[in-house]
Asks: 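Quick one: the structure is below, and I'll ask about it shortly.
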Amino acid sequence: MRLAVLAAVSTVALIASGVPAVAAGIDLLRGHDWTHFAGAARTADGVQITPLDRWITSQKEGRRLQPNPPVNLAGPHLAVAGDFQVDATMAGINGKSAYLQLYGQLPVIYDEWRQERPSVRVGIVGGRLETAVWDGESNTAEETRTFGAGLSGDVTVSIKRAGGRITLSANGKRLGSVDEHDVFASGTVWFGADAQVGGGWRLAALSASGSVDVVDSPDRTQPTSKKSLRAKASGLDRPIHVGTAIASTPLVDDAAYRAIAGREFDMITPENDMKPQFVQPRRGVFAFAEADTLVDFARANDQAVHAHTLVWFEALPTWMRSAPDKETVMLDHIKAVAGHFAGRVAEWDVVNEPMDEDSSDGLRHNLWWQAMGKGYIAKAFTAARQADPNAVLYLNEYGVEEAGERWDRLYQLVKDLKAAGVPIDGVGFQNHEYAKGDRTPPETFRQHVQALAALGLKVRVSEMDVSANGDSAAVQAKEFAGKLAVCRDEPNCTSFGMWGFTDRYGSTADINNYPPSPGDALPWDRNLRPKKAYTAMLNELN
Ligand code: XIL
């Protein structure tokens with residue numbers, strides 16, 4: 001990993017070089033990237049923090065479960081070796097809460113759970129300084145303490161780490177301290193911020209002093225290898241893409257994860273970062289920074305982006321479920337989101353998981369169907385084509401690799417869409433093999449791929465993972481290799497994608513526990529060692 005490390009600059013040097021001194025520390029605002037930070041806008045006099053009101057919601061009802069405030073992923077962070085202090089001027093405090101958060105480790109973010117890892121949050125709440133410390137062992141803060149009174153307007157907060165404690169001051173006055181709870185044992189400090197609806201504030205100054213180095217975002221370009229999955233797949237007579245779902249926080253703070261992501265794959269899919277609850281947390285308020293980080297990584301590593309997903313019934317912000325004008329909401333969302341990424345992503349999952357083989361019309365009677373009937377699907381594709389005329393547009397579904405009612409209904413649906421001239425280009429077969437019964441013969445899948453070819457549709461393996469369920473690594477390897485071989489051989493199959501690559505962050509983990517217990521469904525184990533599945537896939541591409 002190549003890091004642009006700026007050596008700690010002493011106050012003396014700052015003064016000597018004629019740069020106006022920032023309160024005895026390294027300036028973390030000027031010369032650093034605060035432009036890729038969700039909810040934040042760089043201004044002439046700092047960084048304006050606007051309320052995103054972003055939440056992790058429950059999958060079915062869309063209840064608010066946990067706040068999901070943004071972190072400046074692309075911006076500066078600190079490498080800390082010992083005691084240090086951060087000084088922040090929080091300006092324009094108007095009675096609404098304002099938060100600055102220092103993360104020792106970044107949270108891992110699922111649709112229905114945010115795994116809080118160690119962090120300290122200081123907030124100005126009702127004129128008082130509220131300090132909360134997460135120790136990485138629970139969703140809720142391990143310790144919360146409130147100090148002082150009458151804080152408003154411009155408040156300079158100092159957060160000092162020394163002797164296992166964090167000491168807080170406001171406007172130069174010491175207010176108290178809390179246990180550090182080993183928050184900074186990682187040796188790293190990342191910055192995040194949040195504002196309460198109705199409020200908003202300005203980070204007018206931010207500096208660090210003590211035993212700290214400032215680290216700007218890592219060079220995203222990763223070393224390549226001629227022996228990688230992507231190298232082999234692009235060397236085929238008919239090249240296909242090999243893809244994976246990617247999560248933005250590990251991509252930023254886990255160098256080993258980042259290296260494999262760049263080396264092995266030439267197509268990436270944002271696992272969660274483009275879903276509605278993340279990109280449009282409030283109506284008309286968009287938060288694209290995390291997804292943009294993934295798109296930038298892809299560009300740096302010559303990878304295509306398969307974007308996911310515009311219209312689904314899960315991962316929706318609470319407001320979207322209760323909005324009375326669903327059609328407008330859906331069309332506005334597609335226009336804004338597909339429009340934002342137009343030219344930078346190759347493909348979209350426009351409609352995700354629309355099928356229900358047990359319903360009267362074979363479709364899931366989700367909120368979009370309830371509002372618009374089955375026509376929502378055609379409307380969504382038409383809007384996506386308009387917003388990004390060059391993107392290849394997919395319908396993505398699970399459980400359709402196997403024969404049966406679900407596949408029959410899907411086939412009929414896409415046949416009808418094609419006949420009606422709806423701009424659908426392809427079908428994604430998720431290929432989740434969560435249970436033994438999900439392991440379908442490659443030959444059945446092949447027949448489905450060919451049936452869609454006859455309709456003029458492309459196909460992709462979009463989200464493959466294979467839980468072992470007590471079987472050996474060899475069984476898992478055979479499953480991955482079997483589906484990959486079909487994709488390699490069928491001319492309309494454009495990419496083979498897995499749903500993440502390492503059990504360290506897999507979506508089959510048992511979540512909502514600290515620590516979450518990892519699944520075993522992916523080709524790299526939790527220590528990032530390749531399993532038999534990896535070798536088996538390489539063999540198919542040789
Ligand atoms: C999953 C993610 O992997 C999880 O992190 C999240 O908590 C839930 O969603 N089908 C899809 C994907 O289309 O978006 C889902 O991703 C897995 C099933």
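Read the numbers this way: they start at 1 and go in the same order the structure lists the ligands and their atoms. Note: hydrogens, waters and symmetry copies are ignored here, and every other heavy atom, side chains too, is used.
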Asks: Would Asn352 count as a polar contact of ligand 1, with the cut-off being nitrogen or oxygen pairs under 3.5 Å?
Replies: yes
Asks: Nearest to atom 8 (C) of ligand 1, what protein heavy atom do you find, and at what distance?
Replies: Asp111 OD2, 3.1 Å
Asks: Could you check atom 7 (O) of ligand 1 against the protein and tell me its nearest heavy-atom contact, residue, atom and distance included?
Replies: Glu112 OE1, 2.5 Å
Asks: Between Tyr110 and ligand 1, does any nitrogen or oxygen pair lie at a separation below 3.5 Å?
Replies: no
Asks: Looking at Leu541 and Lys232, what are the two nearest heavy atoms and their distance?
Replies: CB-CB, 3.5 Å
Asks: Check whether any side-chain N or O of Trp368 sits under 3.5 Å from a backbone N or O of Val311 as a donor-acceptor pair, and report yes or no.
Replies: no
Asks: Check ligand 1 against Ser507 and write out every atom of the ligand that is under 4.0 Å from a heavy-atom position of the residue.
Replies: 3 (O)
Asks: I'd like to know whether ligand 1 has Trp312 as a neighbour, heavy-atom separation below 4.0 Å.
Replies: yes
Asks: What residue and heavy atom of the protein are closest to atom 16 (O) of ligand 1, and at what distance?
Replies: Trp499 NE1, 3.1 Å
Asks: Is there a side-chain contact between Asn68 and Trp55, using heavy atoms and a 4.5 Å cut-off?
Replies: no
Asks: Taking distance alone, with N or O pairs closer than 3.5 Å, would you say His308 contacts ligand 1?
Replies: yes
Asks: If you compare all heavy atoms of Glu271 against all heavy atoms of Ser507, which two are closest, and at what distance to 0.1 Å?
Replies: OE2-CB, 3.5 Å
Asks: Would you confirm whether the ring centroid of Tyr398 sits within less than 6.0 angstrom of the ring centroid of Trp312?
Replies: no
Asks: With rounding to the nearest 0.5 Å, note down the distance linking SG in Cys493 to NZ in Lys458.
Replies: 11.0 Å
Asks: What protein heavy atom is closest to atom 11 (C) of ligand 1, reported as residue, atom name and distance in Å?
Replies: Glu463 OE1, 3.0 Å
Asks: Using a cut-off of 6.0 Å, state whether more than 12 heavy atoms not belonging to Arg282 lie near its atom CZ.
Replies: yes
Asks: For Phe265, is the NZ or CZ atom of Arg230 found under 6.0 angstrom from the centre of its six-membered ring and inside 45 degrees of the ring axis?
Replies: no
Asks: Students often mix this up, so state it plainly: with edges at 30° and 60°, are the rings of Trp524 and Phe501 parallel, tilted or perpendicular?
Replies: perpendicular
Asks: Write out the residue and atom name of the closest protein heavy atom to atom 5 (O) of ligand 1, then the distance separating them to 0.1 Å.
Replies: Asn272 ND2, 3.0 Å
Asks: Heavy-atom contact under 4.0 Å between Glu314 and ligand 1?
Replies: no
Asks: Going by the order shown, which atoms of ligand 1 are within less than 4.0 Å of some heavy atom of His432?
Replies: 10 (N), 17 (C), 18 (C)
Asks: Which residue and non-hydrogen atom of the protein lie closest to atom 3 (O) of ligand 1, and at what distance in Å?
Replies: Glu271 OE2, 2.4 Å
